Amino acid sequence: LMDSEACPMSFTDPCTEDIFQRYAKPFGFNSYIGDNKVCQGRFTVSKGTSCYSVLKSFCQRVYSILPCAEGDTLRFDRDDSEDTVNLPNKDIRKARLKTLRFKRISDVFVKTQGGRSYDSKVQNTAANNAGITRVRYLNASPSGADTLSDAYEIIRKSEQQSVLCEVEIDGFFPLYLGKKVVWDLPYEELYVASVKCSLSSSGYTTKLTLKRREI
């Protein structure tokens, strides 16, 4: 998927099945996990884009996550199971919590359909209370989709991306991806967003990246 160039084209309201059949199935993937959702509006695949980048862009836009391969199956949707992970404190080598203030958006100004100015505003109260001023301007969707909903989604994603925690632990733990973490952290509802396992002369090490799922 990463080494194969995607056929350039433009879609109108493509669904998950359309994207899967064209950009994943030819490379050995037989099925996907997730609802067959529609990407509202225009979805363009530019010249030089890899097949993985197409899937990544589609998933981020429709499901707000990255695609994940599980054998010959692609996971497009979240794993909403109640599985949790209790991190073994005695095996933790190091942990680092990052608060990314530059990711937070305070206000989104919206130009509604047929409007001449950005006369509507969606405000992120938490960011404003924290003294953050970082604004975006959003035009009405040509497809007629709800632009105010898009504005709320922009703010939601900015809050989701503003906190992450990197943890390195001894051992081999490849099955933690997508699970909720139970640990002594100042932020609740952190989930395992990525897992990287490595082997050296001293044994296995697993690096986890924890992120918020939603605000």
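Predicted model only: the values in this text are computed from it and were never measured. Values below: every heavy atom of this structure, side chains too, minus hydrogens, waters and symmetry copies.
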For a quick test of reading the model, state the closest non-hydrogen atom pair linking [X] to [Y] and the distance between them.
X      : Y      : value
Leu138 : Ala151 : CD2-N, 3.8 Å
Leu190 : Cys165 : CD1-CB, 4.5 Å
Pro14  : Gly41  : CD-O, 4.0 Å
Leu1   : Ser50  : O-CB, 3.7 Å
Gly48  : Glu5   : N-OE2, 3.0 Å
Phe109 : Lys121 : CE2-CD, 3.4 Å

If you count the non-hydrogen atoms of other residues, nucleotides and ligands that lie under 6.0 Å from NZ in Lys207, is the total more than 12?
-> no

Kindly check if the number of other-residue, nucleotide or ligand heavy atoms within 6.0 Å of NZ (Lys25) is above 12?
-> no

Look only at the side chain of [X] and the backbone of [Y], and say whether a donor-acceptor pair between them is shorter than 3.5 Å.
X      : Y      : value
Ser162 : Lys103 : no
Asp18  : Cys15  : yes
Asp72  : Gly28  : no
Asn139 : Lys111 : no
Asn36  : Glu17  : yes

Could you state the interatomic distance from [atom1] ([X]) to [atom2] ([Y]), rounded to the nearest 0.5 Å?
X      : Y      : atom1 : atom2 : answer
Ile19  : Lys37  : CD1   : NZ    : 15.0 Å
Ile155 : Asp150 : CD1   : CG    : 12.0 Å
Asn128 : Ser106 : CG    : OG    : 5.0 Å
Cys51  : Lys56  : SG    : NZ    : 14.5 Å
Tyr118 : Tyr137 : OH    : OH    : 8.5 Å
Arg136 : Ser158 : CZ    : OG    : 9.0 Å

Linking I/L/V/M/F/W/Y whenever their side-chain heavy atoms sit closer than 4.5 Å, directly or via other members, would [X] and [Y] fall into one cluster?
X      : Y      : answer
Val62  : Phe29  : yes
Leu55  : Met9   : yes
Phe27  : Phe20  : yes
Val135 : Val108 : no

Step-by-step side-chain contact (heavy atoms from CB on, under 4.5 Å) determination, Ile132 to Arg101 = CA-CA 8 Å; Ile132 295 171; Arg101 285 174 58 89; 3.5 Å; yes

Near-ring test Phe58/Phe43, centroid separation under 6.0 angstrom = yes

Flag for [Y]-[X]: side-chain donor and acceptor within less than 3.5 Å:
X     : Y     : value
Thr49 : Ser46 : no
Ser31 : Thr73 : yes
Tyr52 : Asp3  : no

So, do [X] and [Y] sit near enough that their side-chain heavy atoms are less than 4.5 Å apart?
X      : Y      : result
Arg42  : Thr12  : yes
Leu208 : Phe173 : no
Asn124 : Ile105 : no
Val45  : Tyr23  : yes
Gln40  : Asp13  : yes

Would you mind checking if Arg96 and Glu168 are paired as a salt bridge, meaning a charged N to carboxylate O distance below 4.0 Å?
-> no

Parallel, tilted or perpendicular: which describes the rings of Tyr204 and Phe172, with under 30° parallel and over 60° perpendicular?
-> tilted

Only one of Ile169, Leu210, Val181 passes side-chain contact (heavy atoms from CB on, under 4.5 Å) with Tyr176; say which it is.
-> Ile169

Verdict with supporting geometry, Val195 and Thr206, side-chain contact (heavy atoms from CB on, under 4.5 Å) = CA-CA 7 Å; Val195 179; Thr206 300; 3.8 Å; yes

